[in-house]
Amino acid sequence: VASAWNRVGTGYELHVTIPVGSTASIHLPLLKLSDPALLESGKPVFVGGKAQSGIAGISAVHVFEDTVICSVGSGNYVFQMGERATDEHE
């Protein structure tokens with residue numbers, strides 16, 4: 001397993017590599033953001049207080065206290081946590 005992270009604005013970006021044949025639970029803190037959004041390679045995982053589904057490699061998304069927990073299979077992941085972007089079309 002390999003990981004690296006960096007701060008991005010009020011959030012962060014986390015790069016994770018899970019070896020072939022392995023699974024992992026990745027714990028991603030919400031950072032007390034007022035309207036947190038978690039993306040994986042630009043696709044929504046947790047937005048508007050709700051877990052999203054249908055992201056390749058992510059089998060489950062749970063929230064425990066102030067952390068989003070993603071169950072993932074082998075592969076490379078890029079998670080971005082930050083404030084949800086507002087769009088006038090929402």
Side-chain angles (χ1 to χ4, degrees):
V1 175
S3 67
W5 70 276
N6 58 56
R7 290 290 288 194
V8 178
T10 58
Y12 59 88
E13 184 172 270
L14 175 67
H15 295 253
V16 180
T17 300
I18 307 301
V20 173
S22 300
T23 61
S25 294
I26 301 173
H27 294 238
L28 300 140
L30 292 170
L31 301 178
K32 299 183 182 180
L33 297 169
S34 61
D35 191 9
L38 174 64
L39 307 177
E40 194 290 307
S41 297
K43 298 174 185 158
V45 175
F46 180 83
V47 179
K50 297 178 185 170
Q52 309 298 307
S53 60
I55 306 295
I58 301 176
S59 59
V61 178
H62 305 283
V63 178
F64 179 72
E65 295 178 357
D66 61 350
T67 302
V68 177
I69 303 168
C70 296
S71 299
V72 301
S74 58
N76 296 306
Y77 300 90
V78 179
F79 292 97
Q80 302 96 15
M81 176 68 75
E83 291 287 353
R84 179 165 64 152
T86 57
D87 185 321
E88 61 187 54
H89 301 290
E90 283 188 55

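For reference, positions follow the sequence shown, starting with 1.
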(message) How close do Pro19 and Ser74 get, counting heavy atoms only, and between which atoms?
(response) O-CB, 3.0 Å
(message) Test of understanding: clusters of I, L, V, M, F, W, Y form through side-chain heavy atoms closer than 4.5 Å, transitively. Do Val1 and Leu14 belong to the same one?
(response) yes
(request) Keeping the roles fixed (side chain from Tyr77, backbone from Gly57), state whether a donor-acceptor pair exists under 3.5 Å. (result) yes
(message) Can you give me the closest heavy-atom contact between Arg84 and Ala37, atom names plus distance?
(response) CA-CB, 3.7 Å
(message) To the closest 0.5 Å, what do you measure between NE2 (His62) and NE2 (His27)?
(response) 10.0 Å
(message) Please report the interatomic distance CZ(Phe46) to CD1(Ile69), rounded to the nearest 0.5 Å.
(response) 11.5 Å
(request) Treat each ILVMFWY residue as a node, draw an edge where side-chain heavy atoms are under 4.5 Å apart, and state whether Leu39 and Ile26 are in one component. (result) no
(request) Check whether any side-chain heavy atom of Leu38 sits under 4.5 Å from a side-chain heavy atom of Cys70, and report yes or no. (result) yes
(request) Indicate yes or no: at least one non-hydrogen side-chain atom of Val78 is less than 4.5 angstrom from one of Glu13. (result) yes
(request) For the residue pair Phe79 and Val68, establish whether any side-chain heavy-atom pair is separated by less than 4.5 Å. (result) no
(message) Check whether Ser71 reaches the backbone of Ser59 with its side chain - one donor and one acceptor, N or O, closer than 3.5 Å.
(response) no
(request) Write down the atom of Asp35, the atom of Glu83, and the distance for their closest heavy-atom approach. (result) N-OE1, 2.9 Å
(request) To the nearest 0.5 angstrom, please state how far the NE2 atom of His15 sits from the CG atom of Asn76. (result) 10.5 Å
(request) Write down the atom of Met81, the atom of Leu28, and the distance for their closest heavy-atom approach. (result) CE-O, 4.2 Å
(request) Check whether any side-chain heavy atom of Glu40 sits under 4.5 Å from a side-chain heavy atom of Ile58, and report yes or no. (result) yes
(message) I need the minimum non-hydrogen distance between Leu31 and Gly11, along with the two atoms involved.
(response) CD1-CA, 3.8 Å
(request) Provide the closest heavy-atom pair for Ile18 versus Gly73 in the form atom of the first, atom of the second, distance. (result) CB-O, 3.7 Å
(message) Starting from Val47, can I reach Ile55 by hopping between I/L/V/M/F/W/Y residues whose side chains sit under 4.5 Å apart?
(response) no
